[in-house]
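First comes the structure, then the notes that go with it.
The chains referred to below are lettered A, B, ... by the order of the sequence lines, with proteins before strands, and numbering in each begins at 1.
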2 protein chains.
Amino acid sequence: MTGKQFSSVWLREPRPARSPGRSREEIVRAAVELLDAEGLDGLSMRKLGAKLDAGATSLYWYVANKHELLELVYDEIWGEMTVPEPRDGRWHETARGFAHSMRQVVLRHPWAARLIGRIPALGPNALGSSARLARAFKIAGFRGLEIDYAVSTLTAYVFGTVIPEVAYNETMAEGAVDEQSVRETVERAVADHPEILERLRENASFTDTEQVREMMFSFGLAAVLDGLEARLVT
Amino acid sequence: MTGKQFSSVWLREPRPARSPGRSREEIVRAAVELLDAEGLDGLSMRKLGAKLDAGATSLYWYVANKHELLELVYDEIWGEMTVPEPRDGRWHETARGFAHSMRQVVLRHPWAARLIGRIPALGPNALGSSARLARAFKIAGFRGLEIDYAVSTLTAYVFGTVIPEVAYNETMAEGAVDEQSVRETVERAVADHPEILERLRENASFTDTEQVREMMFSFGLAAVLDGLEARLVT
DNA sequence: ACCTGAACACCGTTCAAGT
DNA sequence: ACCTGAACACCGTTCAAGT
């Protein structure tokens with residue numbers, strides 16, 4: 001009924017940065033710093049304003065609302081990812097390079113995990129990466145819709161892996177929670193499921209999480225790439 | 001320094017439901033209704049209290065904080081998923097059945113998408129599903145850590161696919177946004193990337209989204225299963 | 001044992017007013 | 001053109017007080 005329009009920062013021209021005063025870049029940079037330091041819940045318009053020695057509401061001159069701010073910082077994240085230039089017959093390299101890079105970037109900026117999917121990836125950096133990824137799959141031999149399918153499969157795997165990883169890290173980080181107490185917790189919760197419990201115990205996974213997770217990520221990634229390869233041959 | 005403990009609803013005995021008054025189940029049921037009707041941002045302790053004809057803060061008798069409430073509703077969602085009983089040589093069926101079921105459940109309860117990864121899946125329903133899934137991969141022939149790897153790969157793919165799907169739906173749903181305006185928006189944003197633009201145009205994807213997304217999901221799922229199968233043979 | 005209302009410390013956003 | 005403070009309508013949570 002309302003007919004509310006779909007809107008995005010990327011549709012509006014940014015206010016031209018004239019005087020050396022506040023600018024959109026400056027705001028985004030400060031926002032990323034705040035996010036890195038205090039997480040997604042730590043970013044408020046008031047705090048960001050304060051950090052910039054400005055009134056809380058000054059920001060609304062540069063940005064229509066908080067969602068637009070999030071769109072901007074989200075694209076910033078995409079800018080940190082590397083997508084190796086696709087070369088003939090080496091699409092695995094492009095895909096693998098992108099996957100590892102994206103994972104690292106999100107692990108470095110954990111707040112980004114909760115933005116994935118929630119914020120449309122329509123910024124220049126996100127589009128650039130997607131386009132390059134699509135090119136790699138095209139060179140690989142995918143056609144039409146299947147190019148998108150392949151890109152989506154890859155990014156879905158990376159997103160779906162890294163989101164829970166970050167969540168786990170955050171649970172751990174909340175004021176020096178020790179792994180021991182989590183382990184006990186999980187063991188108790190899992191007491192009714194002997195298979196899970198058994199595997200928890202036999203794993204070194206609780207003493208060497210990061211390494212195990214790296215292996216896990218590579219394992220699944222290899223599976224996804226193999227599976228895509230198989231679709232190509234057919 | 002603080003030594004804050006990891007905590008979860010699943011570690012505390014629930015208050016025994018004595019009188020026919022409020023109970024944890026009742027609260028959870030009301031919360032799910034509220035979430036289905038108004039989304040994750042629509043759930044507040046005050047509104048939930050009102051819905052139950054109770055003061056906003058009465059809920060804190062049954063639940064330590066909002067996070068615990070979210071743990072409860074999240075496990076409710078896991079309870080709606082079906083994981084076909086694994087049978088010899090048919091692990092693909094179990095995996096595929098689970099994948100489609102989980103996707104449908106999250107599409108039906110879109111708020112759950114933002115809970116994935118954020119809320120630890122330690123409830124009885126989540127653990128039950130995981131255990132059954134693990135059993136299927138064990139029967140399939142995976143060993144030790146690889147059982148977990150395989151489960152994680154599968155769920156990562158499903159999560160990573162469905163989270164952006166839901167986000168897209170929500171963007172569309174916000175007060176009758178018409179697809180036409182989104183299409184124009186995206187086309188403009190993508191103007192610098194002829195390959196993407198071209199593919200957008202050649203696709204029927206914008207006129208028949210749900211069907212295209214079903215195909216996309218099945219395509220990627222098949223790739224993931226093939227890839228896991230390949231890891232098995234080696 | 002269970003429920004209440006007042007209070008605290010926050011939010012995002014609007015808007016009339018300033019320079 | 002840019003920034004401000006006051007105000008509005010919300011939050012989650014604590015706590016002393018009620019029954």
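A/Tyr60 has no side-chain polar atom (N or O) that falls below the 4.0 Å cut-off from OP1 or OP2 of D/dT4. Between B/Ser44 and D/dC11 there is a side-chain polar atom (N or O) within less than 4.0 angstrom of OP1 or OP2. Phosphate proximity of C/dC3 to B/Trp61: absent, as no side-chain N or O sits under 4.0 Å from OP1 or OP2.
Rounded to whole angstrom, the span from the CD1 atom of B/Ile27 across to the C1' atom of C/dC3 amounts to 12 Å. Atom-to-atom, CG of B/Asp41 to P of D/dG12 comes out at 10 Å; the value is rounded to the nearest Å. A/Met45 has its CE atom 19 Å from the P atom of D/dA6, to the nearest Å. Rounded to an integer number of Å, the gap from CG of B/Leu69 to C1' of D/dT13 is 14 Å. The interatomic distance linking A/Leu59 (CG) with C/dT14 (P) rounds to 13 Å, in whole Å. As rounded to whole Å, 15 Å separates atom P of C/dC2 from atom CG of B/Leu52. One interatomic measurement links the two molecules: CZ of B/Arg24 to P of C/dA1, which rounds to 16 Å at whole-angstrom precision. If you take CG of B/Leu40 and P of D/dG12, they are 10 Å apart, rounded to a whole angstrom.
In this structure, the nucleotide among C/dC11, D/dC3, C/dT13 sitting nearest to the side chain of A/Asn65 is C/dT13. Checking D/dT14, D/dG5, C/dC11 against every side-chain atom of A/Arg46, the shortest atom distance belongs to C/dC11. Of the candidates D/dT4, C/dC3, C/dC11, the closest approach to any side-chain atom of B/Ser58 belongs to C/dC3. You'll find that the side chain of A/Lys66 is closest to C/dT13, out of C/dT13, D/dC3, D/dT13.
Residues B/Tyr149 and A/Phe217 keep their aromatic ring centres 6.0 Å or farther apart.
Looking at heavy atoms from C-beta onward, B/Arg213 lies in side-chain contact with B/Tyr168 at the 4.5 angstrom threshold.
Across all strands shown, D/dG18 pairs with C/dC2; the Watson-Crick or G-U wobble distances both stay below 3.5 Å. With a cut-off of 3.5 Å on both Watson-Crick or G-U wobble distances, the partner of C/dA7 is given as D/dT13.
The structure places OH of A/Tyr74 at 13.5 Å from CG of A/Leu35, a figure rounded to the nearest 0.5 Å.
Of the two residues near DNA chain C, A/Ala64 and A/Gly42, the one whose nearest nucleotide lies more 5' is A/Gly42.
Taking a cutoff of 4.0 Å between a charged side-chain nitrogen and a carboxylate oxygen, A/Glu76 and A/Arg29 do not qualify as a salt bridge. The pair A/Arg103-A/Glu214 meets the salt-bridge criterion, with a side-chain N (NZ, NE, NH1 or NH2) lying under 4.0 Å from an Asp/Glu carboxylate O.
Judged by distance alone with a 3.5 Å cut-off, no donor-acceptor contact links the side chain of A/Thr57 to the base of C/dG12.
Looking at heavy-atom distances under 4.0 Å, A/Ala54 makes contact with sugar-phosphate atoms alone, never a base.
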